[in-house]
Structures are given as structure tokens and as C-alpha cells.
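So the structure is just underneath, and the comments pick up after that.
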Amino acid sequence: MTTTTLNHDEAHHHDMPTGWRRWLFSTNHKDIGTLYLLFALTMLFLGGASAMLIRLELFQPGIQLLDPDLYNNLVTNHALIMIFGAVMPAAAGLANWMIPMMIGAPDMALPRMNNLSFWILPAAATMLILSFIVPFFPGGGTQINTGWTLYPPLSVQVGMSMDFLIFAIHLLGISSVLASINIIVTLLNMRAPGMTLMTMPMFCWTWLVTAFLLILVVPVLAGGVTMLLFDRHFGTSFFDAAGGGDPVLFQHLFWFFGHPEVYILLLPSIGVLSHVIPAFSRKPLFGYKSMVGAMLTVATIGMVVWAHHQYTIGMSLGAVTYFMIGTILISIPVGLMIFNFIATMWRGAMTFETPMLFAVAIVLMFTFGGLSGVMLAVVPADMQYHDSMFVVAHFHYVLMPGAVFGLFAGVFYWLPKWTGHMYDETLGKIFFWTNVIGFNITFFPQHFLGLAGMPRRIVDYNMMFTEFNVISSIGAIIFGLSHLLLLYIVIKTIRGGKKAESRAWEGAKGLEWELDSPPAFHTWTVAPQIK
Amino acid sequence: MNNARSGENKNRRTTLLLSGLVVGMFGFGFALVPLYDLFCEVTGTQSLSQRKINPADLQVVKQVESDRWVTVKFDATVNPNLPWEFQATTRSMRVHPGKTYEVNFVARNRSGDAATGQAIPSVAPWQATPYFSKLECFCFNKQTLAGNQQTDMPLRFMVSPDLPADIQSLTLSYSFMRLKASKNKTDLSELLPQIAKQSATESTLPNR
Ligand code: HEM
Ligand SMILES: [Cu+2]
């Protein structure tokens, strides 16, 4: 075979643009990847700030800092910023940087659309932040006190900040749908000759499934919030009982999106682990095919178990039983993925650099979160745990390790490739330990709080919950501040450090490690041949 | 292998297919509105309280259980779209299953304009719903109040002796909703009276 000329247009691209044009008009996957990652880092600090305020308020019983509406506004804002502003864009940033380099493509398939899907994000974030601050201006209406789930009737009654939020969700949805289309087209059509679907790197597989999930569920959320908008302003009654509507319908639409969304957050990080663990165990990934199979199973069953978030709405016994069994079934393929990671480490020549430390922590702590998930999946048990701090503990144990730590692992793993410099390993390890210890001090006590009956999303609590809340808040301070170290490490690595080799990690495998560190502005303009 | 042209065509085709999927799923979201109704109607999954209990069984006069006490609490709310005040004159009472009781609710129109509303009942815990029979209720009919009018609204009810023994207390809650020509496809003014009647033996909320 000959070389492909897919990149014909790219090849005589004008020289690398400079200044702000380089970023605003960028169609280069590496630059756009960088933009995504920087955006996500910014949002991580914004969302983190709101979390710190929440934990400060909960440090003591009673109402100290925040009035109840502001508290709930912060809870809403924290979740939305973290999910849509931090985790999803960071995962998209990794995808942009790595997918073309991993599959030997010169760029993403639709570079201009790539530019659009990123640049919608700052606009969306502005709307999201406005939805938080508008109520503080005269005539700004009431605050969004619904939580990120936006259940009516409350969400119909909130002031105009809800309209900003609905618009923000539309923009965020458009951005991630465009990014997903781009990723699928790239993965299906742009792989180097000789690379089949079943031999492409696992990170690509996880993103292929994630992108399909996004395309299937984000439009349904968009539809749901559109109906909310109509109920608010155009006299329809999709959700308003007084007009013959049903508020529970919104819950179904929301969780039809919401449950697959948790896999959207999880899977890219599973993809990162599938590279980090083999690299630092110096063994190939155990059970590639079963990994793909497990992922497809999770995605498929994951689409039809959403109502485990709604056990308490009064569904029939048959319905809750179905949702319970479906939910518990999912833990089998999820467990299989974890098993594959452990089997990859088994008798490997392991070393524990920062990405690997995060990987091992994920395997341990994510499994723990999965266990509390199975507890929540059991209907009679969930009748008690629902809307308690136990649920908060559950989803932070799956989301922090399952999504955020996976992204950290990916950042540390590929930072040498992106910047051409090795990060400071000692600082990396200090970051890891403060971060993971802080995380556990923050969220472990919340299991006990929930089991003892402390409800979530309430500004005040009974005296008897004080001790665990104090511990949790102290943990949150350690956890929150540790991210300043992350910021420092990233900046330090960008500005200099030990020169990274092409293959920055001895055990790293894959096409991306055959490129220079940092890679040239245009890479794989001639597609590599895979044997 | 590929040349630029066919590569681009391929990309365009995949993009179009995926965009179609996106539009389709957006439509599916809206299609879920009627589908959800339909699904609940066919399978009856909407409510745990919609057990198949023969209403005739409950109407049969049964022995009054004079050694058993059940506490019934009354709760009254008004949907913000109706400018009324609505209260239970009795907050709570102790009753014998099988015996008929009467209580009064009071409604007052705070505005100067006449308005028509309908009260929607619901029972908590939901397991008790089928065992709470309303023999006579203002909620069976639309209620019209002239401007500033105040009126008593009587309710005659009985708790069935079949009420499971572990339920010692239940709450009957009413929300008054305004009846108006609905802009939505479901015409509430037809729906509500029917719901209210059904609710003597069935779920208290319509399927949507
Ligand atoms: C073994 C796998 C899992 C099971 C059986 C499971 C089960 C559940 C159940 C039953 C609930 C509802 C609890 C309630 O509200 O009463 C829940 C909530 C939640 N789960 Fe999981 N889960 C699992 C894994 C995950 C994963 C992998 C993620 C994300 C990466 C996740 C994220 C969440 C979130 C965010 C919520 C709370 C949503 C909210 O109410 O705001 N779960 N889980
Ligand atoms: Cu779920």
C-alpha cells in the first residue's frame, strides 16, 4: 500500500498561526485539546470553590455563612460545573490530544467543527455562571434551589436564572454532541491502514462508546429542559399537575440522560487506566476483547435502568423489581473491567509513578463506590438511603476515582508527551497522597452520616451529626487545597523540566510514543503502517 | 488506499448519519411524552396503589371494628394558580375502621372574580389508598366560588376494615387546582372529575 493523502489539505496548511488567532481560529487537534484541558482546569477550581463553601457551612450545625437558598444554589452550581464544565471537557481534551496520535491520523476528521465545539464552551460557562449570580441583582428573581436534577415543580417556579441555566444546558449539549460526532467519525474513518476496530487502543474504544452514549442521551435531556422552558413561559403543561402534566415525567426524561451520563463520565477514565496500568506493569492489557464486550454491555444495559434513581416515586412492584435487577446486573461487567485491571497488574514488573499510584487508588476506591451502589440498587434499602448523605458518599466514591482521578492519571501520564518535559515526580507523589487522603477523609464519614439519617441538600443538620461533619469538612480543606499543588506542577512542567524522551515511560506502548515529545504541530501527515 | 475525495465523502456520510441520530433522539425525547402515558396505561406501572382490588368488595358493609383505632389526618393545599384559601376544620381524628364519619373543609375565594376549581385527593402512605373510601366528597365535582365567597365543603368517608394492620395512621391530602380550558392536549376539566371518582378505589393521580 501507499501512504494516504487524507491529510492533503492539512499538509500545505499555512504556517502555524501565532498570538490569539492561533487559539481562536484553531483547527489543530493538539491546540484544541490544550484549550479543553485549560478550560476544565479553570472550571475545576470554580466548582471546587463552591464545594469549599458548602463544606464550610456544614462544618457546624446551624446556619452560619449561607442562607438556605444560597446553599442550594451552590449545590446546584457545584454539580453542574463539575460535570459539564470540568470532567466532560477534560475527557474531551484528552480525546482531542490523544485519539489522532494514537490511531495515526493527521487530525480530527472535522477540524472546523472541532473549533466550534470547543468555543461554545466558554459561552455556555458564562451562562452557567450567570444563572448563579443573576438573582443577586435587582429583579433577578429567585435562586436555583433545585439541585442539578432540576425537578419540577420547583424548577418551574424558580426565577429567570433557570432560563439562563436551561440555555447553558442547551449550549453544553450542543458542544458535546458536536465533539462526539467528530470523535466517532475520526475513529471510524481515520485509523491508520492496518489498524482495525479490534486492534485500536482501548482509550479509543472507551471514547467510541462514550460518544455514542452522548449522542443517544444528550438530545433527550435537551428535549426535557426545552419542555421545562415551555412550561415556564409558553403555557404548556408537560410537568405542571395543575394543567394535567406530570412532574414525574421530567424525572424519567432526566434520568434517561442522567444514568448513562455516569458512564459518560466514567468510561474515558477507564480508557486512561487501560493504558496506564499496562505501561507501569510492563504487561499488555489483560482481556482486551472482554474489556470491549464489558463496555458495550454496560452501555446497553445502562440505557435501560435509569429509574433506580426514582424508586421512591411509587412505581409498581414489577417496575421497581425490573429496575433493581437491571441495575445489579450492571455490576457484573463493571466488575469484569476491574478484574481485568487486577489481572494486568498480576505478576507484572510494577513501578509506582504518579499515574500508576492514581490507577491503583482507582481500582481500590472505585470498587468501594460500586459496592455502595449495589446497596443503593436494592429497593427496600434505597427507600431509606435515598436522598441521604449515603448517596452523596456513593457517587463521590465512583466519580472522584472513576472519573476525576482517571483524568489526573491521564494528565500525569501524557504531560511529558504534551510538554516535552518530565513533571516533578516527588511533587506528583505528594499531590497524590494529599489528594487521596483528603478525599477519603472528606467522603468516607458521609456514609455514616447517610446511614444515620442525615438528608442531602439541606443547609442545616441535627446536632448528633456534628462529629462526622467536622471530620468531613477538615478533609475537604485538605482535599481542596491539594489541587493548588496540581496547578503548580502543571505550570512548572509546561515551563521546563527534565527533557522527556519520545517514549517517556519505559513500558509505554502505542503510536503516540513514537512521536517526538513534544510532538510537532502536525503529526502523522504520513499515516504509519500497522503490521 | 484512500484518496482525499473518498475520505471526505466517507466522513460526510458518517457525519450525516450521526446527525440524523441526534435529531432522532431529540424527537424521541418528545415522543416519550405520549409513550410514557401509553406505557403506564397498558402495564399499569404508574402507581403501586393501583392494585387490582374489586371496588365492590370495599363497598360491602362490613363489621365496625370498634376495638381498633386509626388516626386520620387532613391536609389541604391550593395550587398557586387558584387565588383561594382552603383549610380542613379538623386537623386530625381517631376513627374506627368500618364506621362512617363526616368532616368539613372550608374554602374561601380571596379574589373578587368567580373561579372554578377541583380538589385532587391523595392518601399517604400510598398503601392505604384503596382502603380509604370517600362516600361523599366535594372532590367528586367541580366547585365554583363567586368573588369573595366562602363555603363549607363536606366529606363523608370510611376506612375499610381491610386496612393492613400495620397502618395506624394515614393522611388525606387535597390540592385544589383551577379548572380552565387547557392549552394542553389533555383537557383537565374533563379529566379531573373522573380522577376524583376513580380515586375512591384507585390511584389518586392521573396517569399523567
Ligand atoms: C455497580 C455500579 C453502580 C450501581 C449499582 C449504582 C447504583 C446507584 C443507585 C441505585 C443510585 C440512586 C440512589 C438514590 O438516589 O437513592 C445511584 C446514584 C448515583 N450514582 Fe450510582 N451506581 C453504580 C455506579 C455508579 C458509577 C460508575 C457512577 C459514576 C461514575 C455513579 C454515579 C452516581 C451518581 C452521580 C448518583 C447520584 C445522582 C443524584 O441523585 O444526584 N454510580 N447509583
Ligand atoms: Cu444511575
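Only the side chain of A/Leu110 comes within contact range of chain B, with heavy atoms under 4.5 Å apart. Proximity to chain A (any heavy atom under 4.5 Å) is shown, for B/Ser175, by neither the backbone nor the side chain. For A/Thr186, no part lies near chain B; criterion is any non-hydrogen pair under 4.5 Å. Neither the backbone nor the side chain of A/Phe257 comes within less than 4.5 Å of any heavy atom in chain B.
The CG atom of B/Leu18 sits 11.5 Å away from the CG atom of A/Leu178 when rounded to the nearest 0.5 Å. From A/Asn182, atom CG reaches atom OG1 of B/Thr14 across 11.5 Å, with rounding to the nearest 0.5 Å. A distance of 12.5 Å separates NE2 of A/His252 from CG of B/Leu35, quoted to the nearest 0.5 Å. Atom CG of A/Asn189 and atom CZ of B/Arg12 lie 12.5 Å apart (nearest 0.5 Å).
The choice from A/Asp240, A/Val177, A/Val185 that makes the most heavy-atom pairs within less than 4.5 Å of chain B is A/Val185. Comparing B/Thr15, B/Leu32, B/Asn79 by heavy-atom pairs within less than 4.5 Å of chain A, the highest count is held by B/Thr15.
In the displayed structure, B/Arg108 atom CZ is contacted under 6.0 Å by more than 12 heavy atoms of other residues, nucleotides or ligands. No more than 12 heavy-atom neighbours from other residues, nucleotides or ligands sit within 6.0 angstrom of CZ on A/Phe167.
Between B/Gly29 and A/Leu253, the closest heavy-atom pair is O-CD2, 3.6 Å. Of all heavy-atom pairs spanning A/Ile215 and B/Met25, the tightest one is O-CG, 3.8 Å.
Taking the six-membered ring for Trp and thresholds of 30 and 60 degrees, A/Phe238 and B/Phe30 have ring planes more than 60 degrees apart, a perpendicular arrangement.
In this structure, B/Phe28 has its ring center closer than 6.0 angstrom to the ring center of A/Phe256.
Side-chain contact between B/Lys10 and A/Leu188 is absent, with no heavy atoms from C-beta onward closer than 4.5 Å.
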